[in-house]
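Here is the structure we will look at, set down as structure tokens.
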There are 2 protein chains.
Amino acid sequence: MSEGVSAGGGLRERKKKATRAALVEAAVRLAAEHGVEHVTVDAISAAAGVSTRTFFNYFDSRDEVFVMIGADSGDRVRRAVLAAPRDRSPLDALREALASELEEIERHQELWHLHAEVLRGAPQLLARSLGAHMADELGLAETLAERIGGGSPLFTPERPAFSTPADQERRRALGLYPRLLAAVGTTAVRVAVEHWCVRQGETGFADVFRETFEHLAAGLPAPAPAPDAPAS
Amino acid sequence: MSEGVSAGGGLRERKKKATRAALVEAAVRLAAEHGVEHVTVDAISAAAGVSTRTFFNYFDSRDEVFVMIGADSGDRVRRAVLAAPRDRSPLDALREALASELEEIERHQELWHLHAEVLRGAPQLLARSLGAHMADELGLAETLAERIGGGSPLFTPERPAFSTPADQERRRALGLYPRLLAAVGTTAVRVAVEHWCVRQGETGFADVFRETFEHLAAGLPAPAPAPDAPAS
DNA sequence: AAGCAAAAATGCAGAGTCTGCAAAAATATA
DNA sequence: TATATTTTTGCAGACTCTGCATTTTTGCTT
């Protein structure tokens with residue numbers, strides 16, 4: 001009615017965002033309670049107050065709804081990579097971009113923690129989640145190439161999918177190094193998160209993250225023997 | 001009857017292997033002809049001469065049949081890692097193990113080429129294929145830990161799944177470095193293969209592979225400017 | 001060779017996922 | 001208020017996948 005809304009576009013877009021969020025939240029809550037495998041699209045849709053059909057207007061598959069947190073992380077990371085000081089090496093620029101994004105995430109810890117809890121029983125989804133959304137490899141590779149190369153007019157933010165038909169062409173235009181850096185960086189984040197998840201409480205995430213990228217920057221040399229259990 | 005078979009176990013196991021192979025081959029052929037998306041389990045089963053239900057006795061999901069080539073690569077890589085000369089760094093040991101496995105694969109090029117052709121239109125499956133079977137990250141990480149640490153009695157070959165319930169425990173016992181090395185190595189192979197696939201004919205795969213691991217060993221420093229298109 | 005037990009294949013029912021399509025409801029605009 | 005656009009919804013239908021009971025095949029013993 002006479003509601004004076006301040007931010008956001010039209011009512012339509014706000015409603016869409018709300019529905020999307022409602023579906024994600026319902027999915028996560030139900031999964032936390034009953035286990036991911038036992039949550040049907042029907043249940044999620046009902047809990048969110050929309051029809052089953054509408055669910056599939058928002059997500060391409062059932063799994064996708066469990067993976068949609070941090071869907072905009074990719075963009076933020078890429079912007080941060082481009083905005084990094086010029087004296088940073090590509091790896092450093094990427095590391096710092098990822099680090100600040102992860103800090104951002106830690107701020108919403110409650111939600112992420114619930115997600116982590118849910119995905120604990122479904123590592124396949126965890127991997128997919130992190131791999132798919134944290135950095136969107138192809139887009140990230142393009143951004144890295146742009147930063148390294150100079151002023152290519154690429155940028156292309158807000159790229160959702162990663163395997164569209166003519167993406168092959170985008171891949172062709174890229175060198176090996178940007179793709180490798182994007183892939184390895186993403187992988188490193190995944191490993192760090194997994195390692196930290198599995199030993200929650202023992203170490204702060206920041207430490208794990210730092211150590212991970214130190215290994216990378218050093219060229220992955222054999223590490224010093226374990227501190228508390230030195231081999232014979 | 002009075003058939004004098006030489007190799008292989010009983011008839012039973014041979015038949016199972018044959019059925020498995022028939023299903024994989026039928027799937028690949030049908031996919032090559034009609035596109036992966038349009039190949040139903042019914043069609044695959046019919047082409048292989050078994051019932052639809054039987055298909056699911058062999059594969060957990062439809063997609064799995066497109067990904068089952070190289071299912072035993074993981075084991076070979078792990079054995080090679082353990083057998084590597086003692087003076088190799090972990091990264092070198094892994095690189096050499098992966099390299100010989102990839103040579104092995106190139107020997108079966110026809111089959112793999114057909115697969116590659118099929119998966120060209122389904123990069124998601126390609127990624128899954130390589131990621132899931134080339135090295136089985138968790139198992140590989142354990143093997144690397146064993147090689148580095150000394151004589152832990154692990155080994156655990158022939159590990160099929162990667163997200164079983166109590167796998168968490170296996171993960172806990174591992175250090176960050178072996179997991180990172182396994183993950184990054186696997187990722188590097190994936191990137192090398194993808195890059196090479198996308199520019200087939202321009203370079204030999206061996207070159208791409210070598211360059212990839214040189215980047216890793218050097219700590220991913222900013223690369224020299226492109227040879228044919230130097231930035232301003 | 002006949003018989004028996006284990007293993008595998010099969011059919012079938014049923015739950016669940018996902019896609020078009022056309023009608024209905026909601027929203028934006030004039 | 002009237003109209004155009006977008007979104008939601010219901011429905012039919014194809015497909016994936018699972019559990020269970022039954023039939024067929026295989027391996028081994030007598």
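Remember, predicted model here, so these are calculated numbers, not experimental data. Chain identifiers are assigned alphabetically (A, B, ...) following the order of the sequence lines, protein sequences preceding nucleic acid strands; residue numbering begins at 1 within each chain.
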Please list, for nucleotides 27-30 of chain C, all pairs of protein and nucleotide N/O atoms separated by less than 3.5 Å.
from   : atom 1 : to    : atom 2 : distance (Å)
C/dT27 : OP1    : A/K15 : NZ     : 3.0
C/dT27 : O2     : A/R12 : NH2    : 3.1
C/dA28 : OP1    : A/L11 : N      : 3.0
C/dA28 : OP1    : A/R12 : N      : 2.8

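- Under the rule for a side-chain hydrogen bond (donor to acceptor under 3.5 Å, both in side chains), the partners of B/T52 that lie at least two apart in sequence or sit in another chain are B/D42.
- Contacts of A/D60 with the nucleic acid, taken as non-hydrogen atoms under 4.0 Å apart, involve only primed sugar atoms and P, OP1 or OP2.
- A/T54 is not listed as a side-chain neighbour of A/L23, based on a closest heavy-atom distance of 4.5 Å or more.
- Here salt bridge (charged side-chain N to carboxylate O under 4.0 Å, His left out) pairs that include residues 21-32 of chain A, with residues two or more places apart or in two chains, are A/E25-A/R29.
- For the segment residues 47-55 of chain A, the set of residues with a heavy atom within less than 4.0 Å of an atom of DNA chain D comprises A/V50, A/S51, A/R53, A/T54, in numerical order.
- When side chains are defined from C-beta on, A/F209 counts as touching A/L98, because their heavy atoms get closer than 4.5 Å.
- Separating the CG atom of B/N57 from the C1' atom of C/dC12 is a distance of 14 Å, rounded to the nearest angstrom.
- Checked against side-chain contact (heavy atoms from CB on, under 4.5 Å), A/P90 has the following partners two or more places apart in sequence or in another chain: A/I148, A/Y177, A/L181, B/A222.
- Residues forming a side-chain hydrogen bond (donor to acceptor under 3.5 Å, both in side chains) with B/T187 (at least two apart in sequence, or on another chain): A/T187.
- Between the side chains of B/E137 and B/T186, no donor-acceptor pair of N or O atoms lies under 3.5 Å.
- At least one side-chain heavy atom of B/L138 sits under 4.5 Å from a side-chain heavy atom of B/L174.
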Atom pairs under 3.5 Å, N or O on each side, protein against nucleotides 14-17 of chain C: can you list them with distances?
from   : atom 1 : to    : atom 2 : distance (Å)
C/dT17 : OP1    : A/V41 : N      : 3.4
C/dT17 : OP1    : A/R62 : NE     : 3.3
C/dT17 : OP2    : A/V41 : N      : 3.4

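- Residues meeting the side-chain hydrogen bond (donor to acceptor under 3.5 Å, both in side chains) test with A/R53, sequence neighbours left out: A/N57.
- Legend: residues meeting ring-ring contact (aromatic ring centres under 6.0 Å, His included) with A/F55, ordered by chain and number and at least two apart, are A/F59.
- B/K16 places its NZ atom 12 Å from the C1' atom of C/dA6, with the value rounded to the nearest Å.
- Scanning for salt bridge (charged side-chain N to carboxylate O under 4.0 Å, His left out) contacts around A/E104 gives A/R107, with sequence neighbours left out.
- Residues from residues 17-35 of chain A with heavy atoms under 4.0 angstrom of DNA chain C: there are none.
- With sequence neighbours excluded, no residue forms a side-chain hydrogen bond (donor to acceptor under 3.5 Å, both in side chains) with A/S100.
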